[in-house]
Amino acid sequence: MDASCTLVCCEEEREADKAVIVQFSNGNLKNTQKLDFTFYKNIDEANPRKKTRRMLVAESDRLSYVGNNFGTGSLKCNNLCKYYVGVLNKETMQMEVHSAQLFNMQPVIPVLGESTTETEPPEDSNKSYREKVDSLIEAFGTNKQKRALSSRRLNQVGSDTLLKAVAKAAENVIEQKGLEALQQEVAQTESMSDLAPFLPPCHPDADRPENVYLFNDLLTPVEYGALAEAGAKMAALTPEDLQKMRDDGRSLCVLNHLENLPSGGEARERQARCAYYLRLLIGMSWRKSISRKYGEEEGCPRIILNKLTKTFSVESFNNGSLQNVVSTSMRVKVAAYCLALLLHMGHMTANLTRLHRDLGLPENKIIEVAKSMGLTLIKPIRGKTKKEKEEAAAAPLMEEHKLATLELPLVKYNAMIERRKRKKMR
């Protein structure tokens with residue numbers, strides 16, 4: 001027959017008298033002698049939320065376990081009900097009943113090379129959302145997700161290497177040129193307009209105005225030689241042919257230079273060839289597309305037609321066929337090259353009024369191109385006194401034309417900010 005015992009209720013027990021019941025989340029404990037238990041409590045006794053927090057640590061040779069009565073890993077049953085445990089004294093055969101608290105012990109896996117302490121935040125708290133997702137993909141992701149993760153990390157390493165190389169190259173450039181010179185170049189680049197990609201090659205450090213926009217950049221020696229026959233025909237035009245061009249009213253720039261051709265020699269041949277090439281450029285500005293037969297009636301060489309097609313048109317598909325379209329931006333490019341060619345033909349001076357009429361572009365657009373090329377603008381003379389006004393009225397129409405000249409150093413214009421006019425409220 002089993003021995004009987006009596007129950008003794010422990011009243012007003014201290015904190016140290018309370019019993020602790022533990023359960024291990026990954027199995028049952030076979031030998032309690034191999035574990036060292038340590039009980040911790042929060043030192044902030046004044047805080048009503050923290051003074052009841054407890055932590056139990058069980059350490060062994062292989063693994064450590066941690067349990068607490070707060071946080072996500074704690075058992076919710078401690079807040080819903082109260083537990084008691086009976087402790088039997090075999091000598092007096094009395095069982096003392098103590099209030100108990102349950103702890104769920106979870107294993108803590110240490111990270112190599114890092115020391116885990118109570119005050120250190122969890123490892124995952126310092127990781128970003130992307131790093132946490134990457135860790136999950138590494139552990140549980142599919143093969144496709146792992147390949148994508150590996151590819152992204154390789155690209156990231158390549159990007160970091162590129163950034164380091166760019167930073168090192170920038171330091172070398174700063175050491176060679178100096179910070180002030182680089183700041184001037186940046187300011188010059190920012191001051192350039194959107195038309196810069198459509199301008200002819202520029203050499204602002206040239207010693208002579210003729211070398212700023214080189215003639216060979218407009219017409220190579222081979223192309224210039226191919227214009228010999230066409231230039232001879234232009235030089236042989238009769239006054240009746242010139243009058244017909246005047247009646248047409250589209251090539252006033254070409255007509256002006258043909259009427260003032262040098263008497264003979266190489267200068268006359270150069271002006272005639274340039275006039276023919278200028279006439280082809282002006283004709284392109286009025287076309288929507290260029291065909292292979294462009295300039296065929298005027299004897300345009302094949303090398304010149306290929307240059308015009310490649311430089312001043314863009315390829316576009318229309319109804320299943322490939323066309324060379326002269327877009328709006330290409331018309332601006334034609335204007336820039338015409339202006340550079342006129343500078344060489346007119347001793348570094350060009351008539352902007354005639355050019356905008358020949359190309360069919362607004363005068364403001366031609367002026368914007370001239371400013372982007374760094375040219376000096378010459379406005380028409382307007383008389384202030386009565387006598388000056390009468391002289392200006394009696395002067396030829398040339399006085400009202402706007403001119404542009406190339407002078408060194410090139411002029412740098414500030415970018416104009418458009419201001420919309422407000423309508424008056426009535």
From [X] atom [atom1] to [Y] atom [atom2], the distance as rounded to the nearest 0.5 Å:
X	Y	atom1	atom2	answer
Leu361	Thr328	CG	OG1	9.0 Å
Leu343	Leu406	CG	CG	6.0 Å
Arg302	Leu305	CZ	CG	5.0 Å
Leu149	Asp134	CG	CG	4.5 Å
Thr376	Leu408	OG1	CG	9.5 Å
Leu339	Leu359	CG	CG	9.5 Å

Using modelled atom types only, decide if a donor and an acceptor are shared between the side chain of [X] and the backbone of [Y] within a distance under 3.5 Å.
X	Y	value
Gln271	Leu258	no
Ser316	Gln323	no
Tyr294	Met284	yes
Lys333	Thr311	yes
Asp358	Leu252	yes
Thr405	Met348	yes

Side-chain heavy atoms of [X] within contact of [Y], under 4.5 Å:
X	Y	result
Tyr213	Cys202	yes
Glu363	Leu352	no
Ser285	Leu281	no
Leu341	Cys274	yes
Glu210	Phe215	no
Pro221	Asn216	yes
Glu315	Asn324	yes
Val22	Val20	yes

Tell me whether the NZ or CZ atom of Arg54 lies within the 45° cone about the ring axis of Phe103 and under 6.0 Å from its centre.
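Because its charged atom misses either the 6.0 Å distance or the 45° angle limit, Arg54 does not stack over Phe103.
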side-chain contact (heavy atoms from CB on, under 4.5 Å) for Lys402 and Leu377? Distances and angles first, verdict last.
CA-CA 7 Å; Lys402 294 182 180 179; Leu377 302 180; over 6 Å; no
Please determine whether side-chain contact (heavy atoms from CB on, under 4.5 Å) holds for the pair Arg331 and Val326, giving the CA-CA distance in whole Å, both sets of side-chain angles, and the decisive distance to 0.1 Å.
CA-CA 7 Å; Arg331 294 183 67 190; Val326 183; 3.9 Å; yes
Using the side-chain contact (heavy atoms from CB on, under 4.5 Å) rule, take Val222 and Ile303 through it: C-alpha gap first, then chi angles, then the decisive distance, then the call.
CA-CA 9 Å; Val222 178; Ile303 186 175; 3.7 Å; yes
Is it true that, when you exclude [X] itself, more than 12 heavy atoms of the residues, nucleotides or ligands shown sit nearer than 6.0 Å to its [atom1]?
X	atom1	value
Asn143	CG	no
His203	NE2	yes
Lys146	NZ	yes
Ile43	CD1	no

On a heavy-atom basis, which atom in [X] and which in [Y] lie closest, and how many Å separate them?
X	Y	value
Arg273	Leu227	CG-O, 3.5 Å
Ser313	Ile290	CB-CD1, 4.3 Å
Leu255	Leu242	CD1-O, 3.5 Å
Arg279	Met234	NH1-SD, 4.2 Å
Lys127	Lys132	O-CE, 3.7 Å
Ser60	Leu35	CB-CD2, 3.4 Å

If the threshold is 4.0 Å, N to carboxylate O, is there a salt bridge linking Glu368 and Lys365?
yes
Please assess Glu223 against Ile304 for the test side-chain contact (heavy atoms from CB on, under 4.5 Å), listing each intermediate value before the final yes or no.
CA-CA 6 Å; Glu223 296 166 351; Ile304 299 298; 3.8 Å; yes
Check whether the side chains of Thr238 and Asp241 place a donor and an acceptor atom closer than 3.5 Å, and report yes or no.
yes
